[in-house]
K.L.:
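Before I ask anything, let me first share the structure, which is written out below as structure tokens.
Keep in mind that the numbers below use all heavy atoms, side chains included, and drop hydrogens, waters and symmetry copies. Proteins come first, then strands; the chains are lettered A, B, ... in the order of their sequence lines, and each starts at number 1.
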2 protein chains.
Amino acid sequence: MPPPPAAREKVLDAFQRLLIERGARETTLDAVAKAAGVSKGGLLYHFGSREALIEGLLIRLKTQADADLVSMKSATEGPAAYYIRTSASAQTPLDLSLLAATRLLQRSHPRTREVLAGVHEQWYKVLRSAVGDPAVARLIMLIGDGMYYGATLSGAESGPSAAAPDVGEVLELVDELVRSREASGPGQMTLPARPMGQNRAEPPV
Amino acid sequence: MPPPPAAREKVLDAFQRLLIERGARETTLDAVAKAAGVSKGGLLYHFGSREALIEGLLIRLKTQADADLVSMKSATEGPAAYYIRTSASAQTPLDLSLLAATRLLQRSHPRTREVLAGVHEQWYKVLRSAVGDPAVARLIMLIGDGMYYGATLSGAESGPSAAAPDVGEVLELVDELVRSREASGPGQMTLPARPMGQNRAEPPV
DNA sequence: GTCTATATTCCGATAGAC
DNA sequence: GTCTATCGGAATATAGAC
């Protein structure tokens with residue numbers, strides 16, 4: 001089987017890179033073609049319109065996400081740790097596709113949102129079957145989302161902020177929560193709410 | 001003191017709404033002017049350029065964030081619970097500003113990212129002084145970010161997904177973690193890592 | 001398949017009337 | 001302060017040569 005035409009992939013690479021670096025607004029067909037090293041006509045041969053280019057990115061994203069799900073399910077560290085650890089990175093091809101798709105989010109164009117939500121839902125299903133407590137599974141999803149959001153905020157030049165946790169710290173805390181829940185037993189799921197962030201001080205009644 | 005000119009605020013409102021609904025690409029000066037009910041010339045009187053319009057949005061965002069910090073510090077439920085609870089909403093004026101600014105993120109334009117990172121840092125400082133354990137404070141930041149990211153993903157028509165937790169559930173889990181940490185004492189901060197997501201099963205060696 | 005050249009529409013910004 | 005009219009340039013997309 002001959003290798004697939006490289007031009008298509010180069011165009012998608014450039015499209016993603018420009019979306020992340022310069023945003024959707026400046027990511028014009030001209031700019032993508034130039035960054036990919038092809039002419040605009042050449043680009044439009046592979047992707048007949050801007051919309052088709054977006055669809056190509058979303059299809060690539062789904063393919064990469066499906067492959068990632070397989071790795072997640074079979075990770076020796078467990079799906080939860082795998083999910084948290086990989087959420088911290090913004091380097092893998094899947095991360096780049098996710099970041100790029102995020103730049104295309106808009107309410108009036110549901111396609112991108114649907115794909116991202118679908119990937120999200122798949123992750124949750126794996127977490128849900130791997131972690132005993134559904135609430136903990138959902139919390140892990142939130143933490144992963146939060147780490148991913150931090151990746152969208154951080155630029156190349158800005159150093160790590162004080163609020164940026166490292167992966168080991170997060171894994172440790174989640175592990176502690178999982179063990180705490182296991183100890184309290186599966187039957188007890190509803191605890192009375194208590195104010196947080198006021199060490200040892202009782203809230204006013 | 002006469003009320004400040006309403007046109008400026010109406011323009012900023014329309015700018016935010018369009019950024020959220022239709023993305024940065026379709027949020028042109030024409031579209032903003034039309035949505036705000038003014039002419040393009042009228043818009044450009046208040047904001048002399050597209051860049052000035054963005055700066056106006058960021059200034060509004062900082063003002064709203066500063067006001068929110070005051071509420072956060074004095075919340076009777078405590079800063080941590082306040083932070084988590086308000087992160088779930090995407091309805092307040094501050095939420096709209098945050099969502100809109102997110103649509104403007106791009107690496108080559110550091111200004112938006114700096115403002116968002118600054119707001120983030122302020123939140124962390126309050127959490128840090130309210131929660132005993134810095135690692136827990138950082139985890140709460142992540143959870144809030146994750147809830148906010150979920151808000152950027154969810155559209156108006158799509159129902160809540162299975163992976164979407166409610167606020168009470170999250171508050172309960174964080175509360176449990178805080179109490180678990182308090183019980184184990186402040187001195188013990190480093191625990192050996194252990195695989196997660198594999199209930200009671202030991203990982204292969 | 002890939003290119004250049006071009007058609008058409010639209011964007012940001014300016015000029016100037018009121 | 002708000003408007004209309006318009007300029008110069010850039011965007012998407014098409015046509016057609018090679």
K.L.:
Can Glu26(B) and Lys34(B) be counted as an ion pair, charged N to O under 4.0 angstrom?
P.N.:
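No, Glu26(B) and Lys34(B) are not salt-bridged.
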K.L.:
What's touching nucleotides 6-12 of chain C from the protein side, N or O pairs under 3.5 Å?
P.N.:
unit_1, atom_1, unit_2, atom_2, d
dC11(C), O3', Arg25(A), NH2, 3.4
dG12(C), OP1, Arg25(A), NH2, 2.3
dG12(C), OP1, Arg50(B), NH1, 3.4
dG12(C), OP2, Leu29(B), N, 2.6
dG12(C), N7, Lys40(B), NZ, 2.8

K.L.:
Specify the separation, in whole Å, of atom CG of Leu53(A) and atom C1' of dA11(D).
P.N.:
14 Å
K.L.:
Tyr45(B) OH to dC18(C) C1': how many Å, rounded?
P.N.:
15 Å
K.L.:
Which residues pass the salt bridge (charged side-chain N to carboxylate O under 4.0 Å, His left out) test with Lys10(B), not counting sequence neighbours?
P.N.:
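None.
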K.L.:
How close or far is atom C1' of dA13(C) from atom CZ of Phe47(B), stated in whole angstroms?
P.N.:
16 Å
K.L.:
Any carboxylate oxygen within less than 4.0 angstrom of a Lys/Arg side-chain nitrogen, looking at Asp175(A) and Arg179(A)?
P.N.:
yes
K.L.:
Can Arg8(A) and Arg60(A) be said to form a side-chain contact (heavy atoms from CB on, under 4.5 Å), step by step?
P.N.:
CA-CA 11 Å; Arg8(A) 248 188 93 98; Arg60(A) 169 190 269 194; over 6 Å; no
K.L.:
If I take atom CD in residue Glu51(B) and atom P in nucleotide dA13(C), what distance separates them, rounded to the nearest angstrom?
P.N.:
9 Å
K.L.:
Any Lys/Arg nitrogen of Glu172(B) or Arg138(A) sitting under 4.0 Å from an Asp/Glu carboxylate oxygen of the other?
P.N.:
no
K.L.:
In whole angstroms, how far is the C1' atom of dA11(D) from the CG atom of Leu18(A)?
P.N.:
15 Å
K.L.:
Looking at every non-hydrogen atom in both residues, tell me the closest pair between Thr102(A) and Tyr148(A) and how far apart they are.
P.N.:
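Smallest interatomic distance, heavy atoms only, reads OG1-OH, 3.0 Å.
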